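It should be emphasised that the depicted structure is a prediction, and the values quoted were computed from it without experimental measurement.
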Amino acid sequence: MDLPVVADPRGNLCFVESGEHVPFEIQRVYYLYDVPSQSTRAGHAHHALHQLLIALSGSFDVRLHDGARDERVTLNRPNRGLHIGPGTWRDIDNFSSGAVCLVLASAHYDEADYIRDFDEFLRIARP
């Protein structure tokens, strides 16, 4: 999704407002940085959590799987976000040098919401 930008010769400003630009209330914000280029992050799905991923700096790829289809999305612009809803497996890889992945989440951390085993995810996603 495209995020609003206020263009200015002194530098652009991009903003995100909870419930306005994302389809959920933001309860948690975190970011990934200094990820080695050969590393993979995430490797899970959520039962209920919504997330918006934004490449604040650099680029990375997000592999999405809904139980039937596999898709790869490259994030490389700080004014574009990827909304990932519940029931979608995600792997994040191919981090460029200096990449920063900002994540806006719909809930506080809850380990019970995670599905960390891909085979279990497939059983849930394909009843």
Side-chain angles (χ1 to χ4, degrees):
M1 67 179 49
D2 290 318
L3 301 172
V5 175
V6 179
D8 189 294
R10 300 168 296 163
N12 296 333
L13 181 144
C14 181
F15 61 95
V16 179
E17 294 178 351
S18 186
E20 186 71 27
H21 304 109
V22 294
F24 56 85
E25 293 297 319
I26 299 167
Q27 296 293 315
R28 182 168 58 119
V29 176
Y30 63 94
Y31 49 93
L32 305 170
Y33 66 100
D34 287 344
V35 178
S37 61
Q38 299 304 312
S39 292
T40 300
R41 296 296 311 238
H44 62 268
H46 289 279
H47 292 286
L49 189 75
H50 287 262
Q51 295 177 315
L52 183 72
L53 279 61
I54 303 168
L56 288 186
S57 179
S59 65
F60 50 86
D61 292 339
V62 183
R63 178 185 161 245
L64 303 167
H65 200 295
D66 66 2
R69 292 178 297 121
D70 204 1
E71 179 182 1
R72 184 171 288 273
V73 176
T74 298
L75 292 178
N76 58 9
R77 295 176 53 205
N79 65 324
R80 298 219 47 159
L82 176 64
H83 174 235
I84 304 175
T88 303
W89 187 271
R90 79 284 321 267
D91 290 302
I92 309 172
D93 61 11
N94 199 26
F95 286 85
S96 69
S97 178
V100 178
C101 173
L102 176 70
V103 182
L104 310 177
S106 65
H108 296 276
Y109 177 81
D110 178 7
E111 181 60 32
D113 187 58
Y114 282 74
I115 306 166
R116 296 193 182 272
D117 179 86
F118 190 69
D119 290 332
E120 177 188 352
F121 163 73
L122 289 176
R123 281 192 299 276
I124 293 169
R126 298 186 214 163

* Separation between OG of Ser18 and CD1 of Ile26, rounded to the nearest 0.5 Å -> 4.5 Å

* Asked: Where does the angle between the aromatic ring planes of Tyr33 and Tyr31 fall among parallel (under 30°), tilted (30 to 60°) and perpendicular (over 60°)?
  -> tilted

* To do: Take Val16 and Leu104 through the side chain to side chain contact (heavy atoms under 4.5 Å, CB included) test and state the conclusion after the steps.
  => CA-CA 10 Å; Val16 179; Leu104 310 177; 3.7 Å; yes

* Side-chain touch His21/Met1, heavy atoms, less than 4.5 angstrom -> no

* Decide if atom CZ of Arg69 counts as having more than 12 heavy atoms of other residues, nucleotides or ligands within a radius under 6.0 Å. => no

* Main-chain N/O of Gly67 paired with His65 side-chain donor or acceptor, under 3.5 Å -> yes

* To do: For Arg90 and Glu71, run salt bridge (Lys or Arg N to Asp or Glu O under 4.0 Å): C-alpha distance rounded to whole Å, both residues' side-chain angles, the deciding distance at 0.1 Å, then the answer.
  => CA-CA 10 Å; Arg90 79 284 321 267; Glu71 179 182 1; over 6 Å; no

* Inter-residue atom distance Phe60.CZ - Ile92.CD1, 0.5 Å rounding -> 6.0 Å

* Kindly compute the distance separating SG (Cys14) from CZ (Arg77), expressed to the nearest 0.5 Å. => 10.0 Å

* Asked: Does the side chain to side chain contact (heavy atoms under 4.5 Å, CB included) test come out yes or no for Ser106 and Gln27, once each step is laid out?
  -> CA-CA 5 Å; Ser106 65; Gln27 296 293 315; 5.6 Å; no

* Ile84 side chain near Leu53 side chain, heavy-atom distance below 4.5 Å -> yes

* On the ring face of Phe118, is Arg63 found with NZ or CZ under 6.0 Å from the centre and within 45° of the axis? -> yes

* Asked: Any luck finding a side-chain donor-acceptor pair between Thr74 and Asp61 under 3.5 Å?
  -> yes

* Just do the side chain to side chain contact (heavy atoms under 4.5 Å, CB included) check on Phe95 and Arg41 with the steps written out, would you? => CA-CA 10 Å; Phe95 286 85; Arg41 296 296 311 238; 4.1 Å; yes

* Between the side chains of Asp113 and His47, is a donor N or O closer than 3.5 angstrom to an acceptor N or O? -> no

* **Asn94 CG to Asn76 CG distance, which is reported to the nearest 0.5 Å** => 11.0 Å

* Any chain of hydrophobic side-chain contacts (each under 4.5 Å) joining Val29 to Leu56? -> yes

* For the residue pair Phe121 and Trp89, categorise the inter-ring angle as parallel (less than 30°), tilted (30 to 60°) or perpendicular (more than 60°). => tilted

* Rounded to the nearest 0.5 Å, what separation is found between the OG atom of Ser39 and the CG atom of Asp34? -> 11.0 Å

* Quick one: are Leu32 and Val100 in side-chain contact, heavy atoms under 4.5 Å? -> no

* List the steps and the verdict of side chain to side chain contact (heavy atoms under 4.5 Å, CB included) for Leu52 and Val103. => CA-CA 6 Å; Leu52 183 72; Val103 182; over 6 Å; no

* **Stepwise salt bridge (Lys or Arg N to Asp or Glu O under 4.0 Å) check, Arg72 with Asp93** => CA-CA 10 Å; Arg72 184 171 288 273; Asp93 61 11; 2.8 Å; yes

* Asked: Can you name the closest pair of heavy atoms from Pro78 and Leu3 and give their distance?
  -> O-CD1, 4.3 Å

* First locate atom CZ of Arg28, then atom CD of Gln51, and finally report the distance between them rounded to the nearest 0.5 Å. => 7.0 Å

* To do: State, to 0.1 Å, how close Asp66 and Ala125 come at their nearest heavy-atom pair, and which atoms those are.
  => O-CB, 3.7 Å

* Structure fact -> Of all heavy-atom pairs linking Ser96 and Gly58, the shortest is OG-CA, 3.3 Å

* Counting heavy atoms not belonging to Tyr30, are there more than 12 under 6.0 Å from its OH? -> yes

